[in-house]
Amino acid sequence: MTVFIMVAGVFTGAHVWQETAERLAAAGGEVHAVPLTGLDADRPAASGPVGLETHIADVLAVLDAVDPVGPEGAADTVDRAGRADGMDTVDGADGVDAVSGRDIVLVGHDYGIHPALGAADRRPGRVARVVYLDCGMPQNGVPALAAVPDQALRAELAERARVGERGGELAPPGRDGWQRWGSTADVPGAALDRLTALAAPQPLDTLLQPLRLTGAAAAVPTTGVLCTRNGVSVDLVQRLVDLGDPMAAALAGPRVTFFELPTGHWPMLSRPADLADVLLRAAAGEGRRLRPAGAARTPPAHLRPFPLDLPEPPRDRRGQVDLYVPGVEGPLPAVVVVHGGPVPAGARPTPREWPTLVGYARLAAAEGVVGATLDHRLHDIGDYERAAADVAAAVELVRADPRVDADRVALWFFSGGGPLAAHWLAEPPSWLRCLAASYPILEPLPNWGMADSRFNPVRAVARAGTLPLVLLRAGRETPEIAATVEAFVAAAKDSGARLDLVDVPNGHHGFETLDAPEETRPALRQAMRTVVAHLTGRPS
């Protein structure tokens, strides 16, 4: 028998696990949904302030109360051949409950991963696995506030913490406000009503109190369950590993597995049966494992060759910008390539040297205009403001070059750099002759916490006026990103924007290096010639 100890997220309590718990129990599991002090009506009122340590103690109380013998009155003997570490011992040092001989799996959803991980760190010998259910990776000394998706609220609470404010509560959202805490995709209306009715104020100290870890839990096997409609997938995490993100590197270890659920942030409400199945498989050590950086036989996607065979004009490095200038008399129009992200700060080579981005710049040079790549500091979802400042500075550096016609410039955005296009759409300067994008994210994703952000091209396109727009669409784009593209195209149509669409029907996100060049090559040339036509006035 596997014992599942479930810890819910902000504003919620043990009640959210009801349907999933019933299915786990029907499959032979023992389930304990932890009632959290200050959140669950079944929990006695606290005698003092409620903080993260209070909730860690709540989890420990349930963990320590697990019956040391199975339901038949004797310790279970469980076949652990399927565990991620390949061991079949019951030694507590290997993460198996040495008291009961049973596997104890701690499941933390959202904020709940913080008390769950804190408890695992204090009882590593009793926990067989920690399941991270659509949540981040808590770090020692960092409060749960760092994982609050609503960036405006996070900044407000951080300021309150800075001035030493403690105590108090955070009011739960109304029915229409849950989306600010994660995608509510697929949650039935009745379930959302019940979630709202049973929501409780979150004690602020649970978010502001730093998580203290000794490192003991690092040896406990883990499983990440990613809800793709909330914006994260296993492939995305693999990209972070490939890019050299130091935090993501640990996720490629042999004791870490992953599952995906094609739903929003509350799978216990939207897909309880599927969640139960995934948790049972996670307990058995199943799941997808990531490839360590550099372990693949071929380079990661962002370092594979560009599919077009192009002339190689010399690179001229100016600050954070690289210029590729054709050997013709100028000044010439320019195409400025803006990479996506987030990209880890330590990624090498930096994006302006990646083959795909260099390929676009060289393709521009082959068409007789200046191509430019740049680096900006979009290292985290919260970095869009400073990345926008970096892009603006790089564009002015390009325009100031004597080989560039400062009155004829195009900007070309990629992937997660798409939101940076919003400023230029909302207030297009006279010298901006075209704005292009390849497989862009054109609206903040649900888990970004940027619902009211200015970095929203879907809203900004209504102010684009006569600015020509060129959009390369990947026919096999991930559904979450494709939804933002569809919303942008609809908004552009409604506002009468000048939009040219270039489709790669069988293309995936990053199709230049992932898909067959026979389909990709003509799309790349068509898109670039359309942009150059807007810059020069000659036919595309």
Next item on the list: Apply the test ring pair (Phe, Tyr, Trp, His ring centres under 6.0 Å) to residues Trp17 and Phe4: give CA-CA distance (whole Å), side-chain angles for both, the deciding distance (0.1 Å), then the verdict.
Entry: CA-CA 11 Å; Trp17 301 108; Phe4 293 93; over 10 Å; no

Margin query: If you apply the rule salt bridge (charged side-chain N to carboxylate O under 4.0 Å, His left out), what do you find for Asp383 with Arg386, and how did you get there?
Written below: CA-CA 6 Å; Asp383 290 339; Arg386 73 174 184 179; 3.4 Å; yes

Checklist line | Nearest heavy atoms of Asn447 and Gly231, plus distance in Å | finding: OD1-CA, 3.9 Å

Next item on the list: Describe, in one word, how the ring planes of Trp354 and His339 are oriented to each other, choosing from parallel (under 30°), tilted (30 to 60°) and perpendicular (over 60°).
Entry: tilted

Notebook entry, point to check: So, does Arg377 use its side chain to make a donor-acceptor pair with the main chain of Ala388 at under 3.5 Å?
Noted result: no

Next item on the list: Check whether any side-chain heavy atom of Ile5 lies under 4.5 Å from a side-chain heavy atom of Val105, and answer yes or no.
Entry: no

Checklist line | Minimum heavy-atom distance Ile56-Pro115, with the two atoms named | finding: CG1-CA, 3.7 Å

Note to self: Please report the interatomic distance CG(Leu195) to CZ(Arg175), rounded to the nearest 0.5 Å.
What the structure shows: 10.0 Å

Note to self: Quick one, Gln202 and Glu169 - any side-chain contact, counting heavy atoms below 4.5 Å?
What the structure shows: no

Next item on the list: Check the pair Arg180 / Asp452 against salt bridge (charged side-chain N to carboxylate O under 4.0 Å, His left out), numbers first and verdict last.
Entry: CA-CA 10 Å; Arg180 300 178 71 93; Asp452 299 326; 3.1 Å; yes

Note to self: Can you see whether Asp103 engages Thr2 through a side-chain donor-acceptor pair at a distance of less than 3.5 angstrom?
What the structure shows: no

Next item on the list: Compute whether any side-chain donor of one residue and acceptor of the other, for Glu53 and His55, lie under 3.5 angstrom apart.
Entry: no

Checklist line | Under 3.5 Å donor-acceptor, Asp40 side chain and Leu36 backbone | finding: yes

Checklist line | Side-chain (Arg23) to main-chain (Glu19) donor-acceptor, under 3.5 angstrom | finding: yes

Item checked: Side chain to side chain, Val148 and Trp181, heavy atoms closer than 4.5 Å -> yes

Next item on the list: Evaluate the criterion side-chain contact (heavy atoms from CB on, under 4.5 Å) for residue pair Leu106 and Val131; output intermediate values, then yes/no.
Entry: CA-CA 6 Å; Leu106 275 177; Val131 176; over 6 Å; no

Checklist line | Any side-chain heavy-atom pair of Pro440 and Phe413 under 4.5 Å | finding: no

Check: Are side-chain heavy atoms of Met450 and Asn456 found at a separation under 4.5 Å?
Finding: no

Notebook entry, point to check: If we only count heavy atoms from C-beta on, is the Leu425 to Arg463 side-chain gap below 4.5 Å?
Noted result: no

Checklist line | Min side-chain heavy-atom separation Pro446-Gln179 under 4.5 Å | finding: yes

Next item on the list: Test side-chain contact (heavy atoms from CB on, under 4.5 Å) on Thr222 and Arg129 and set out the steps.
Entry: CA-CA 5 Å; Thr222 63; Arg129 183 170 297 274; 5.5 Å; no

Next item on the list: Taking all heavy atoms of Ile113 and all of Gly136, pick out the closest pair and write down the distance.
Entry: CG2-O, 4.4 Å

Note to self: Side chains of Thr184 and His265 only: does a donor on one sit below 3.5 Å from an acceptor on the other?
What the structure shows: no

Check: Hey, does the side chain of Arg43 reach the backbone of Leu39 with a donor-acceptor pair shorter than 3.5 angstrom?
Finding: no

Margin query: Would Val107 and Val7 count as a side-chain contact (heavy atoms from CB on, under 4.5 Å) here? Give the steps.
Written below: CA-CA 6 Å; Val107 182; Val7 191; over 6 Å; no

Next item on the list: Might you work through the salt bridge (charged side-chain N to carboxylate O under 4.0 Å, His left out) test for Arg291 and Asp242, ending with a clear yes or no?
Entry: CA-CA 8 Å; Arg291 179 185 63 251; Asp242 292 340; 3.1 Å; yes

Margin query: Ignoring hydrogens, what is the shortest heavy-atom contact between Ala460 and Ala422? Give both atom names and the distance.
Written below: CB-O, 3.4 Å

Notebook entry, point to check: Rounded to the nearest 0.5 Å, what separation is found between the CG atom of Leu275 and the OG1 atom of Thr263?
Noted result: 10.0 Å

Checklist line | Pair Phe455 and Trp448, ring centroids less than 6.0 Å apart | finding: no

Next item on the list: Tell me yes or no: between the side chains of Thr228 and Ser233, is some donor less than 3.5 Å from an acceptor?
Entry: no

Item checked: Atom pair CG (Leu261) and CG (Asp274), whose distance is rounded to the nearest 0.5 Å -> 6.5 Å

Notebook entry, point to check: So, for Leu378 and Gly416, which heavy atoms are closest and what is the spacing to 0.1 Å?
Noted result: CD2-O, 3.8 Å

Next item on the list: Say whether, by atom type as modelled, one donor and one acceptor occur between the side chain of Asp121 and the main chain of Leu213 under 3.5 angstrom.
Entry: no

Checklist line | His509 ring center near Tyr439 ring center (under 6.0 Å) | finding: yes

Margin query: Strictly distance-based, threshold 3.5 Å: is any side-chain N or O of Arg126 a donor or acceptor partner for the main-chain N or O of Leu63?
Written below: yes

Check: Taking all atoms of both residues into account, what is the closest heavy-atom pair of Leu280 and Ala27, and its distance?
Finding: CD1-CB, 3.6 Å

Check: Is the backbone of Ala216 close enough, under 3.5 Å, to the side chain of Thr214 for a donor and an acceptor to pair up by distance?
Finding: yes

Checklist line | Interatomic spacing from OH in Tyr111 to CG in Leu52 - rounded to 0.5 Å | finding: 4.5 Å

Check: Do NZ/NE/NH1/NH2 and the carboxylate oxygens of Arg459 and Glu443 come within less than 4.0 Å?
Finding: no

Check: Are Thr257 and Thr223 close enough, and set up right, to give a side chain to side chain donor-acceptor pair (under 3.5 Å), and what steps lead you there?
Finding: CA-CA 5 Å; Thr257 63; Thr223 295; 2.7 Å; yes

Item checked: Donor-acceptor pair, side chain of Asp110 and main chain of Gly112, under 3.5 angstrom -> no

Margin query: To the closest 0.5 Å, what do you measure between CG (Asn230) and CG (Asp134)?
Written below: 4.5 Å

Item checked: Side chain to side chain, Pro201 and Pro172, heavy atoms closer than 4.5 Å -> yes

Check: Within the side chain of Gln139, is there an N or O that forms a donor-acceptor pair under 3.5 Å with the backbone of Met137?
Finding: yes

Note to self: Applying side-chain contact (heavy atoms from CB on, under 4.5 Å) to His376 and Leu420, what does each step give before you reach the verdict?
What the structure shows: CA-CA 11 Å; His376 59 72; Leu420 295 169; 4.0 Å; yes

Margin query: Return the CZ to OG1 distance between Arg194 and Thr196, rounded to the nearest 0.5 Å.
Written below: 11.5 Å

Note to self: Using a 3.5 Å distance criterion without hydrogens, assess whether the side chain of Ser270 forms a donor-acceptor pair with backbone atoms of Trp266.
What the structure shows: yes

Checklist line | Pair Asp64 + Arg123: basic N to acidic O under 4.0 Å | finding: yes

